[in-house]
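For clarity, every value in this text was computed on a predicted model and none was experimentally measured.
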Amino acid sequence: MSGDRSGDTNEAVPDGGTVTEEAAGGSGGSALAGLRERDDFVVIATAAALVVFPFLLIDVLGVVGEVIGISIGGYTGLPSLVLIYGIIVIGFNLLLGYTGLLSFGHAAFFGSAAYSAALFSQVVPSPILMVIAGTIVATLLAWPIGFVSIRRSGVYFAVLTLTFGQALYFWALGPGAWLTGGDNGFSGIEAHGLFVGVIPLDAQLIPVFDSYTVMYAFTSVVMLAALWVGNRIINSPYGLIFEALGENEERVEFVGLNVFRYKLMAFIISAVFAGVGGAMFVIHEQYIHPTTGLYWIQSGDFVIMTVLGGTGSLIGPVFGALVFEYVANVISGVSLPMIGSIGSLWRFVLGAVFVFIVWVFPRGIYGAFADLAAMVNGRGGGDGDKPAAADGGERE
């Protein structure tokens, strides 16, 4: 699921020769890399992981917590929340990890989609239509913001996106309060359930396990679709151009490609993922506030999740979302002997985890797993996965 193309065993090289199996990392690694590029493998492997995910996060950790006397098990809605942020950072990684553009304004698309879905629910309380409505608004908003911001690069691009995001935040708090609810937030959101309300979102799929709800199944389907789309993009000529843009824009321009157009499309595609996640978030939480949806810290959280998980892979940022939300929602409630409740210090804990991961594993959590797998296969570290983005980690 890394999306790299190191899996070909006899790949042609510029000097006319070929890359042997040994040079490419051995037949075992090549076979694994080839599998990860196949859509059916990505979908089936992800579906299997999604089936056991709530069980591990809530039930297994809950039992472990009872044994050690510290509550470390998740709650019913946490698996869905992790997947929602996972959807967002998959798209964010397409922009940061592959194209090399660091946006600090993606909360604008997340929040605008959340508010649009919330407003739409007042007319048609259908979760699927709410997601579609929110995504359309986020996409339309990304077009002009991207059109202006893409004209600058580096820190100027980051500041431009941050400025647009903050402008929306202050608009939602002040002039737009008649629509957004201002500082009171937007409540009263209704999502009646799937298939014209026949299947309530909070209904349980498996009576024994509370965590397997219709909402989780709905989120899992959207996650599978997001991963499939992300994998298709990365393994398409478009994805190759995104990757080339992240490495050297001048070379891409030199071969006659329209750099501006491809960067704009990468920006819009990432905003589409943020829009889907924003709409799903408001369905899950039934409430949205400008600070939760549009504030710059939300954009910063997307960056942290992506870098924490690993910017050089498709699935890596999802691991980052899992760690982030676990610290924010579970570790923050832990009370330790001699220290007491972690509570509001959870960002301090998250910062320590972030520094440790980035310091020890520059390619993020997924990169650490990939290196470990390579060591087990006797290939001495690295399986050909792409290195972290220039501004998300170290290129090796």
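Atom CH2 of Trp228 is separated from atom CG of Leu314 by 13.0 Å, given to the nearest 0.5 angstrom. To the nearest 0.5 angstrom, Ile304 atom CD1 is 13.5 Å from Ile357 atom CD1. A distance of 7.5 Å separates CD1 in Ile189 from CD in Gln122, rounded to the nearest 0.5 Å. Ile233 CD1 to Ser270 OG: the interatomic distance, rounded to the nearest 0.5 Å, is 10.0 Å. Ile269 CD1 to Leu264 CG: the interatomic distance, rounded to the nearest 0.5 Å, is 9.5 Å. Note that the CG atom of Leu173 and the CG atom of Leu168 stand 11.5 Å from one another [nearest 0.5 Å].
Taking both residues in full, the closest heavy atoms of Ala133 and Ser116 are given as O-CB, 4.5 Å, listed atom of the first, atom of the second, then distance. Nearest heavy-atom pair across Gly310 and Pro317 is O-CD, 3.4 Å. Closest heavy-atom contact between Phe157 and Arg152: CB-O, 3.3 Å. Across every non-hydrogen atom of Ser112 and Leu141, the tightest pair is OG-CD2, 3.6 Å. The two atoms that bring Pro290 and Gly182 nearest to each other are CD-O, 3.3 Å, heavy atoms only. Between Gly275 and Ala138, the closest heavy-atom pair is CA-CB, 3.6 Å.
You'll find the side chain of Met223 stays beyond 4.5 Å of the side chain of Met280, heavy atoms only. A 4.5 Å side-chain heavy-atom check between Met305 and Phe319 finds every atom pair outside the cut-off. Contact of the Phe242 side chain with the Ile234 side chain is not registered, since no non-hydrogen atoms from C-beta on lie closer than 4.5 Å. No side-chain heavy atom of Val222 sits under 4.5 Å from any side-chain heavy atom of Val131. Proximity of Leu162 to Ser299: side-chain heavy atoms (C-beta onward) are nowhere separated by under 4.5 Å. In this structure the side chain of Leu227 reaches within 4.5 angstrom of the side chain of Ile315, judged on heavy atoms. Side-chain atoms of Asp301 and Arg347, non-hydrogen and from C-beta on, do get closer than 4.5 Å to each other. Side-chain contact between Val259 and Val252: present, with at least one pair of heavy atoms (C-beta onward) separated by less than 4.5 Å.
No donor-acceptor pair closer than 3.5 Å links the side chain of Thr99 to the backbone N or O of Leu101. With hydrogens and angles disregarded, a donor-acceptor distance shorter than 3.5 Å links the side chain of Asn93 to the backbone of Ser313. Between the side chain of His289 and the main chain of Asn184, no donor-acceptor pair closer than 3.5 Å is present. For Gln204 (side chain) and Val214 (main-chain N/O), no donor-acceptor pair under 3.5 Å exists by modelled atom type. No donor-acceptor pair under 3.5 Å is formed between the side chain of Thr311 and the backbone N or O of Val307. Side-chain atoms of Gln298 come within 3.5 Å of backbone atoms of Thr292 as a donor-acceptor pair (strictly under, hydrogens ignored). Judged purely by atom type and a 3.5 angstrom limit, Glu249 has no side-chain atom pairing as donor or acceptor with the backbone of Gly246.
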Name the atoms and distances for all side-chain donor-acceptor pairs under 3.5 Å in residues 69-85, with sequence neighbours left out.
from, atom 1, to, atom 2, distance (Å)
Tyr75, OH, Asn329, OD1, 3.1

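Counting non-hydrogen atoms of neighbouring residues, nucleotides and ligands closer than 6.0 angstrom, the CZ atom of Phe369 reaches no more than 12 such neighbours.
Taking the six-membered ring wherever Trp is involved, the centroid distance between the rings of Phe302 and Phe104 does not fall below 6.0 Å. In this structure, Phe147 has its ring center closer than 6.0 angstrom to the ring center of Phe260. Checked against a 6.0 Å centroid threshold, the rings of Phe267 and Phe109 count as neighbours. Trp346 and Tyr326 have their aromatic ring centers separated by at least 6.0 angstrom.
Between Phe273 and the choices Leu95, Val89, Leu94, the side-chain contact (heavy atoms from CB on, under 4.5 Å) rule is met once, by Leu94.
When the side chains of ILVMFWY residues are joined at heavy-atom separations under 4.5 Å, either directly or via intervening members, Leu140 and Ile88 end up in a single hydrophobic cluster. Val155 and Trp296 fall into different hydrophobic clusters, defined by Ile, Leu, Val, Met, Phe, Trp and Tyr side-chain heavy atoms under 4.5 Å apart, directly or through other members. Note on Leu119 and Trp178: same hydrophobic cluster, where clusters join Ile, Leu, Val, Met, Phe, Trp and Tyr whose side-chain heavy atoms are under 4.5 Å apart, directly or indirectly. Side-chain heavy atoms closer than 4.5 Å link hydrophobic residues (I, L, V, M, F, W, Y) into clusters, and following such links, possibly through other members, connects Val124 to Leu179. Taken together through direct or relayed side-chain contacts under 4.5 Å among Ile, Leu, Val, Met, Phe, Trp and Tyr, Val63 and Leu57 form parts of separate hydrophobic clusters.
If you check the side chains of Thr161 and His106, you find no donor sitting under 3.5 Å from an acceptor.
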Side chain to side chain contact (heavy atoms under 4.5 Å, CB included), that's the test. Do Glu190 and Met130 meet it? Break it down for me.
CA-CA 10 Å; Glu190 298 183 10; Met130 287 168 66; over 6 Å; no
- ring-ring contact (aromatic ring centres under 6.0 Å, His included) between Phe354 and Phe324, worked out: CA-CA 9 Å; Phe354 182 81; Phe324 189 103; 9.7 Å; no
Margin query: With side chain to side chain contact (heavy atoms under 4.5 Å, CB included) as the criterion, how do Val318 and Leu322 come out once you've worked through the C-alpha distance, each side chain's angles and the decisive distance to 0.1 Å?
Written below: CA-CA 6 Å; Val318 181; Leu322 169 61; 5.9 Å; no
Side chain to side chain contact (heavy atoms under 4.5 Å, CB included) between Glu247 and Glu243, intermediate numbers included
CA-CA 7 Å; Glu247 294 176 354; Glu243 190 178 327; 4.0 Å; yes
**Request:** Mind running side chain to side chain contact (heavy atoms under 4.5 Å, CB included) on Ile365 and Val323 for me, showing each step along the way?
**Result:** CA-CA 10 Å; Ile365 297 170; Val323 172; 3.5 Å; yes
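Not a single ring-ring contact (aromatic ring centres under 6.0 Å, His included) links Phe186 to another residue, sequence neighbours left out.
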